[in-house]
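What follows is a single structure, written as structure tokens, with notes after it.
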Number of protein chains: 2
Amino acid sequence: MTISAAAQSRLDDFRARCADAGLAATHQRLIIYRTLVESTDHPSPELVYDRVRTEIPSISQATVYKNIRTFLEIGLLQEVNRLHQTNRLDANLDQHHHLICVRCEKVTDLYDDQLDGARAHDESPGGFQVLNYQVEAYGVCPDCQSTKAASSAQ
Amino acid sequence: MTISAAAQSRLDDFRARCADAGLAATHQRLIIYRTLVESTDHPSPELVYDRVRTEIPSISQATVYKNIRTFLEIGLLQEVNRLHQTNRLDANLDQHHHLICVRCEKVTDLYDDQLDGARAHDESPGGFQVLNYQVEAYGVCPDCQSTKAASSAQ
DNA sequence: ATAAATGCAAAGGATTTGCCGTCAA
DNA sequence: TTGACGGCAAATCCTTTGCATTTAT
């Protein structure tokens, strides 16, 4: 059994999910989504564009970007790093983790020795020589909990 | 005891660390670094610029950006998200973690139920309502392990 | 003295936007 | 048919770069 089992089932749902979200199932949209599902290497938007162009040479970059954003908005797609849009700096070099508010993108240091002990079962997962583990806890910060709206606080 | 104890000790080291790295201890550099140390809110470069300007109104954005880069290069500073420069997409919505190569920035999915169980000791750390925990394992991928140079593979 | 750092302005790269023609429902 | 979508080009935002002047060592 290859990756295509899971991939196929996700594709099967694609039209249904578009319908649910009120999105038209266009050819471009389908190819972009299929490309994403088949790309297990966590590609950049630019790389997705390159790959999609092998199937639809005339597609525009804007269409790829717009659809990626749409997929993110309806939760069909994630970013490896939810803080991608702006760089966030940290002069604290001590071992620690982060609490990240999914609404306002506030980041708070999280000290927790239970998390410090996080380790993969495999000592060298995927052949990686792991240097350190860092935990990101996504959630809703106190300020945003008291706000009904889905927008920001800070 | 306030935050200033740790902050002060880091500041005390600043000139020494500059000397070690062969960097001049300029006024601008000191203020930028002090601002970073005193900013526990993981600011964006732009926000750092704003804060530094309250002390040195004439400082240029380029100086702030250059010094941030310098600090990152000598390991005096970290980014919350090491993949910030390019967005990285993930259509895999199943619970999983990531192996991130610090050399070539390759990202690999990591399935591990031991990591799935990562939880802070405090159920609601910092008052956050945590939705999910995700572990990022930073390390060196197999390809880069066989490469001596500090550059990339992929 | 001299190599490095600052400040300015321009360049660069990634992403978004506006608008018009086209397509899915 | 009609509102949504694709394609194109321009705009925007963030970050880097080149260069002349100033500064630290």
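Just so we're on the same page: letters track the sequence lines, and every chain starts at 1.
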Starting from the 5' end of DNA chain D, give me the residue, A:Gln85 or B:Leu23, whose nearest nucleotide shows up first.
A:Gln85
Could you tell me whether a side-chain N or O of A:Gln145 sits under 3.5 Å from a main-chain N or O of A:Val140, the two making a donor and an acceptor?
yes
Give the table of side-chain donor-acceptor pairs shorter than 3.5 Å for residues 22-29 of chain A, with sequence neighbours excluded, one pair per line with atom names and distance.
residue, atom, partner, partner atom, Å
A:Thr26, OG1, A:Arg29, N, 3.1
A:Arg29, NE, A:Asn67, OD1, 2.7
A:Arg29, NH1, A:Ala24, O, 2.8
A:Arg29, NH2, A:Asn67, OD1, 3.4

Contact span of DNA chain D against chain B, any nucleotide atom under 4.0 Å from a heavy atom, 5' to 3', runs D:dC14 to D:dT25
Nearest nucleotide by nearest heavy atom, which residue falls closer to the 5' end of DNA chain D, B:Ala25 or A:Thr86?
A:Thr86
5'-most to 3'-most nt of DNA chain C touching chain B (<4.0 Å, heavy-atom partner on protein side) reads C:dA5 to C:dT15
When we call it a touch if two heavy atoms are under 4.0 Å apart, what does A:Thr26 touch: a base, just sugar-phosphate, or nothing?
sugar-phosphate
Contacts of A:Asn132 that satisfy side chain to side chain contact (heavy atoms under 4.5 Å, CB included) - sequence neighbours left out
A:Gln95, A:Gln134, B:Arg82, B:Tyr138
For the pair B:Asp90 (side chain) and A:Gln78 (backbone), establish whether a donor and an acceptor sit closer than 3.5 Å, ignoring hydrogens and angles.
no
Using heavy atoms and a sub-4.0 Å distance, could you list which residues of residues 64-74 of chain B are near DNA chain D? By number, please.
B:Tyr65, B:Lys66, B:Arg69
Does the side chain to side chain contact (heavy atoms under 4.5 Å, CB included) test come out yes or no for A:Val64 and A:Ile59, once each step is laid out?
CA-CA 8 Å; A:Val64 174; A:Ile59 201 170; 4.2 Å; yes
Transitive ILVMFWY cluster of B:Phe128 at side-chain heavy atoms under 4.5 Å: who else is in it?
A:Leu99, A:Leu110, A:Leu115, A:Phe128, A:Val130, A:Tyr133, A:Val135, B:Leu99, B:Leu110, B:Leu115, B:Val130, B:Tyr133, B:Val135
B:Cys141 versus B:Lys106, closest heavy-atom pair with distance:
SG-NZ, 3.5 Å
Roughly how bent is the helix from C:dA1-D:dT25 to C:dA25-D:dT1 end to end, in steps of 10 degrees, with each end axis from five pairs?
40°
Within the distance-only criterion (no hydrogens, no angle test), does the side chain of A:Arg88 pair as donor or acceptor with the backbone N or O of B:Val80 below 3.5 angstrom?
no
Expected output: side-chain A:Arg51 to main-chain A:Ser39 donor-acceptor under 3.5 Å:
no
Starting at the 5' end of DNA chain C and moving along, which residue's nearest nucleotide shows up first, A:Pro45 or A:His27?
A:Pro45
A:His98: what forms a ring-ring contact (aromatic ring centres under 6.0 Å, His included) with it, not counting sequence neighbours?
A:His96, B:His42
So which of residues 50-62 of chain A are in contact with DNA chain C, with a heavy-atom cut-off of under 4.0 Å?
A:Ala62
Take B:Asp50 and B:Arg53 through the salt bridge (Lys or Arg N to Asp or Glu O under 4.0 Å) test and state the conclusion after the steps.
CA-CA 5 Å; B:Asp50 288 344; B:Arg53 256 191 312 176; 2.7 Å; yes
Please identify each residue that fulfils salt bridge (Lys or Arg N to Asp or Glu O under 4.0 Å) with A:Asp116, with sequence neighbours left out.
none
Contacts satisfying ring-ring contact (aromatic ring centres under 6.0 Å, His included) that involve residues 71-94 of chain B (not counting sequence neighbours) are B:Tyr33-B:Phe71
Do any N or O atoms from the side chain of B:Gln114 and from the backbone of A:Arg119 form a donor-acceptor pair under 3.5 angstrom?
yes
Go through the structure and list residues passing salt bridge (Lys or Arg N to Asp or Glu O under 4.0 Å) with B:Glu55, not counting sequence neighbours.
B:Arg34
